[in-house]
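Residue numbers begin at 1 in each chain, while the letters A, B, ... track the order of the sequences.
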Amino acid sequence: MIDDITLSNITKRGVKEIISETEFVELLNSGRKLRLKMGFDPSRPDIHLGHVVGLRKLKQLQDLGHQVILIVGDWTAQIGDPSGQSITRPMLTHDQVKNNAESYLKQFFRVVDQEKTEVVWQSEWFGDFKLSDVITLTSKFTVAQFLERDDFAHRFKEHKPIAITEFLYPLLQAYDSVAIESDVEFGGTDQMFNLLVGRTLQQLNGMKPQQCFLMPILVGTDGVNKMSKSLDNYISLDETPDDMYGKIMSLPDDCITNYFELLTDIPLTELKIMESSLPDNAMNYKKLLAHTITLDFFDKQIANDSQNNFENVIQNKGIPANIPIYNLIDNTDNLDIGNILLASNIVTSNSELKRLLKQNAVQIINPDGSTEDIRTTTSAINLTSGTVIKIGKRRYLKIV
RNA sequence: GGAGCGGUGGGAGAGUGGUUAAAUCCACCAGACUGUAAAUCUGGCGUCCGGAAGGACUACGUUGGUUCGAAUCCAACCCGCUCCA
């Protein structure tokens with residue numbers, strides 16, 4: 001038997017819904033090593049913090065001795081996620097899929113225990129699929145059943161397109177559950193329909209239906225919409241530690257507790273206390289949050305450095321430790337400050353440069369610490385080794 | 001087979017002959033303020049030339065055409081969608 005605190009951490013925290021919870025708890029208590037299914041679509045290899053919520057859940061269960069089966073959706077990737085609007089999606093070559101999968105796995109195992117994970121490819125079973133198998137599979141469901149799905153129902157009503165292949169998507173995903181004999185499948189709430197089809201299909205194949213673990217949606221850095229790459233409000237695992245820390249600091253204050261709950265192990269009792277004093281300590285709590293999460297993906301030294309960097313650069317308006325460098329010796333021809341910025345790709349066009357100058361965003365920091373604002377590229381500027389050019393709050397270029 | 005609709009800037013989405021480098025929103029950038037790269041406010045947000053005023057070029061699926069002038073009209077084409085059968 002699992003103790004109550006652990007159990008509630010698993011079934012309550014960072015979970016939207018479990019179907020069905022009682023069956024799931026029974027399974028947990030059965031002492032059997034459970035097969036936890038998680039699939040991903042190799043057309044989008046990036047993992048961001050939104051995904052991490054679910055991955056942490058997998059890790060928790062692994063720590064109790066269960067087995068993760070990670071499915072590389074090399075077939076479903078070609079169909080595209082029905083919840084997305086863009087139907088047209090270029091078919092990926094085998095090499096692209098492979099590369100994407102590798103990149104995904106690398107990130108995946110930063111959260112999930114590789115030792116307790118089995119990676120399988122959909123093509124292992126769909127590769128041999130024949131038309132007759134497809135027909136058998138499709139014959140199990142009706143159009144009406146599929147139109148039950150919110151997304152389909154909505155689009156159907158609005159006279160918006162639904163590709164036939166999109167109907168196939170849940171079927172393939174469901175069949176994965178049959179193929180790997182999953183006990184539990186994990187997904188976001190938008191995956192509910194697909195996971196439930198898996199349940200049904202397993203039953204139709206004489207198996208015990210899987211439990212469905214629905215993860216809550218994490219809001220993105222805008223504090224409003226769900227974290228997603230297409231909304232550009234995501235924090236990727238590929239972020240540099242400084243950026244990861246900084247992006248977390250850029251979250252609206254009222255996201256803090258939610259992030260603590262979904263992405264850290266801070267006890268809920270502590271979180272309660274924190275919540276009550278949040279308005280007065282938002283800054284400190286957010287720093288703690290940023291540090292805690294950064295620490296999950298990097299070592300302690302790096303997390304500390306990121307915090308120092310933030311305090312130094314943002315709070316004290318200092319110069320960050322690692323900034324791009326422009327070497328005067330290699331580039332003797334044109335010492336115009338505009339050319340230097342353009343050549344270093346700090347600024348992407350002349351027009352942008354002019355705008356920045358006009359907006360008073362360009363500043364020279366001399367080696368002796370004195371500063372001067374630059375309003376025009378033609379003013380006489382003494383660029384010597386050790387000078388730093390600062391653009392806005394976050395762009396720097398050091399002259400050597 | 002028939003009928004209709006649509007393709008606009010990073011995204012969403014207006015605009016149906018000139019005042020449109022193209023409303024608005026989101027994202028993004030800068031400035032102010034601040035406890036943060038929070039919030040709020042202000043400004044900006046194609047490229048090139050110019051100190052600036054301003055000018056030039058490129059852009060609204062593609063190619064042609066009408067016109068002094070086209071994202072806007074016409075033709076053909078390409079792509080997509082919906083409905084009826």
Side-chain angles (χ1 to χ4, degrees), chain A residues 48-49 80 84-90 152 154-166 219-236 239-260 277-294 306-320 323 336-339 341-342 345-363 371 373-380 389-396:
Chain A
H48 56 60
L49 291 186
Q85 279 295 346
S86 56
I87 311 292
T88 48
R89 173 179 288 190
F152 289 148
H154 188 246
R155 283 198 274 162
F156 189 69
K157 210 173 118 206
E158 300 280 307
H159 290 174
K160 293 261 176 66
I162 301 169
I164 309 262
T165 45
E166 294 187 75
V219 300
T221 50
D222 55 17
V224 179
N225 298 301
K226 81 174 221 186
M227 184 174 284
S228 101
K229 201 172 179 187
S230 51
L231 293 175
D232 202 22
N233 62 355
Y234 66 103
I235 303 174
S236 159
E239 223 78 62
T240 66
D242 283 350
D243 276 344
M244 183 179 281
Y245 188 98
K247 284 192 179 187
I248 295 168
M249 288 308 289
S250 82
L251 288 168
D253 290 351
D254 50 17
C255 296
I256 296 175
T257 45
N258 184 244
Y259 267 63
F260 265 119
S277 62
L278 185 66
D280 300 327
N281 300 295
M283 179 70 179
N284 289 333
Y285 288 153
K286 207 178 342 182
K287 275 189 184 175
L288 177 63
L289 177 71
H291 188 267
T292 309
I293 293 175
T294 308
S306 294
Q307 176 147 336
N308 289 336
N309 184 62
F310 179 84
E311 287 168 355
N312 172 33
V313 176
I314 305 303
Q315 297 191 281
N316 301 325
K317 306 195 192 311
I319 300 171
I323 57 177
D336 176 65
I337 188 170
N339 287 330
L341 290 171
L342 283 165
N345 285 323
I346 302 288
V347 171
T348 53
S349 76
N350 255 323
S351 306
E352 189 195 358
L353 176 67
K354 281 175 187 166
R355 269 175 240 134
L356 290 166
L357 288 166
K358 192 182 275 179
Q359 290 172 135
N360 210 10
V362 183
Q363 192 183 50
T371 63
D373 292 338
I374 308 295
R375 301 304 296 260
T376 152
T377 55
T378 52
S379 56
I389 306 171
K390 179 185 180 193
I391 314 271
K393 289 190 184 72
R394 295 172 53 202
R395 276 178 278 179
Y396 292 88

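- Under the 4.5 Å side-chain criterion, counting only non-hydrogen atoms from C-beta, A:Asp373 is in contact with A:Gln363.
- B:A21 and B:A59: their P atoms are spaced 14 Å apart (whole Å).
- Rounded to an integer number of Å, the gap from CD of A:Glu239 to C1' of B:A37 is 12 Å.
- In this structure, A:Asn350 reaches the B:C49 phosphate: one of its side-chain N or O atoms is under 4.0 Å from OP1 or OP2.
- Here A:Ser349 reaches the OP1 or OP2 of B:C48: one of its side-chain N or O atoms lies under 4.0 Å away.
- Using a 4.0 Å heavy-atom distance criterion, A:Asn316 is classed as making no nucleic acid contact.
- Rounded to whole Å, the separation between the P atoms of B:A71 and B:A23 comes to 15 Å.
- Comparing the P positions of B:U58 and B:G64 gives a spacing of 14 Å, expressed to the nearest Å.
- Of the side-chain N and O atoms in A:Ser351, one or more sit less than 4.0 angstrom from OP1 or OP2 of B:U47.
- Shown are A:Gln315, A:Lys287, A:Gln307, A:Met244; of these, the side-chain contact (heavy atoms from CB on, under 4.5 Å) with A:Met249 is made only by A:Lys287.
- Panel note: side chain A:Arg375, backbone A:Lys358; a donor-acceptor pair is recorded below 3.5 Å.
- Annotation: the span from A:Ile374 atom CD1 to A:Ile389 atom CD1 amounts to 8.5 Å, rounded to 0.5 Å.
- Residues passing the ring pair (Phe, Tyr, Trp, His ring centres under 6.0 Å) test with A:Tyr259: none are found, sequence neighbours excluded.
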Distances under 3.5 Å between protein N/O atoms and the N/O atoms of nucleotides 56-61 of chain B, please, pair by pair.
none

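- Across the C1' atoms, B:A3 and B:C57 are found 43 Å apart, a figure rounded to whole Å.
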Contacts under 3.5 Å, N or O only, protein and nucleotides 26-31 of chain B:
unit_1, atom_1, unit_2, atom_2, d
B:C29, O3', A:Arg395, NH2, 3.1
B:A30, O2', A:Gln359, O, 3.2

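- Atom-to-atom, CG of A:Leu342 to C1' of B:C48 comes out at 12 Å; the value is rounded to the nearest Å.
- A:Ile391 has its side chain out of reach of A:Glu352: every pair of non-hydrogen atoms, C-beta onward, lies at least 4.5 Å apart.
- With P as the reference atom, B:G35 and B:G43 are 24 Å apart, rounded to whole Å.
- Contacts of A:Leu251 with the nucleic acid, taken as non-hydrogen atoms under 4.0 Å apart, involve only primed sugar atoms and P, OP1 or OP2.
- Distance check, rounded to the nearest 0.5 Å: OH of A:Tyr245 to NZ of A:Lys286 gives 10.5 Å.
- A straight line from NZ of A:Lys157 to P of B:U82 spans 17 Å, rounded to a whole angstrom.
- What separates CE of A:Met283 from P of B:U34 is a distance of 14 Å, to the nearest Å.
- Spacing between atom NZ of A:Lys354 and atom P of B:A53 amounts to 11 Å, rounded to whole angstrom units.
- Here the SG atom belonging to A:Cys255 is positioned 9.0 Å from the CE atom belonging to A:Met227, to the nearest 0.5 angstrom.
- Nucleotides B:C83 and B:C74 have their C1' atoms positioned 27 Å apart, rounded to a whole Å.
- Counting all heavy atoms, side chain and backbone alike, A:Tyr396 lies closest to A:Gly318 at OH-O, 3.1 Å.
- Checked by distance alone, A:Asp253 brings a side-chain donor or acceptor within 3.5 Å of a matching partner on the base of B:G35.
- As rounded to the nearest Å, B:C26 and B:A85 have P atoms that lie 44 Å from one another.
- Mapping A:Lys358 and A:Ile314 onto RNA chain B by nearest heavy atom places A:Ile314 closer to the 5' end of the strand.
- Note: CG (A:Leu289) to C1' (B:U36) measures 13 Å, nearest angstrom.
- For the pair A:Ile256 CD1 and B:A39 P, the computed distance is 12 Å after rounding to whole Å.
- Distance A:Arg375 CZ to B:G51 C1': 12 Å, rounded to the nearest Å.
- Looking at A:Asn350 and A:Leu342, their side chains come closer than 4.5 Å, going by heavy atoms from C-beta outward.
- When all heavy atoms of A:Ile162 and A:Phe152 are compared, the pair lying nearest together is CD1-O, 3.6 Å.
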Shorter than 3.5 Å, N or O on both sides, protein versus nucleotides 5-12 of chain B: list them out with atom names.
none

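- Within 4.0 Å (heavy atoms only), A:Asn284 reaches no atom of the nucleic acid at all.
- In terms of modelled atom types and a separation under 3.5 Å, the side chain of A:Asp243 and the main chain of A:Glu239 share no donor-acceptor contact.
- Consecutive Watson-Crick or G-U pairs involving RNA chain B, each under 3.5 Å on both distances, make up stems of three or more pairs at B:1-7 with B:78-84, B:10-12 with B:24-26, B:28-32 with B:40-44, B:46-49 with B:54-57, B:61-65 with B:73-77.
- Taking CG of A:Asp242 as the reference point, atom CD1 of A:Ile314 lies at 10.0 Å (rounded to 0.5 Å).
- B:A75 and B:A27: their C1' atoms are spaced 39 Å apart (whole Å).
- With hydrogens and angles ignored, the 3.5 Å screen pairs a side-chain donor or acceptor of A:Asn233 with a backbone N or O of A:Ser228.
- Residues passing the ring pair (Phe, Tyr, Trp, His ring centres under 6.0 Å) test with A:His291, sequence neighbours excluded: none.
- At distances below 3.5 Å, at least one donor-acceptor pair connects side-chain atoms of A:Asn312 with backbone N or O atoms of A:Ile319.
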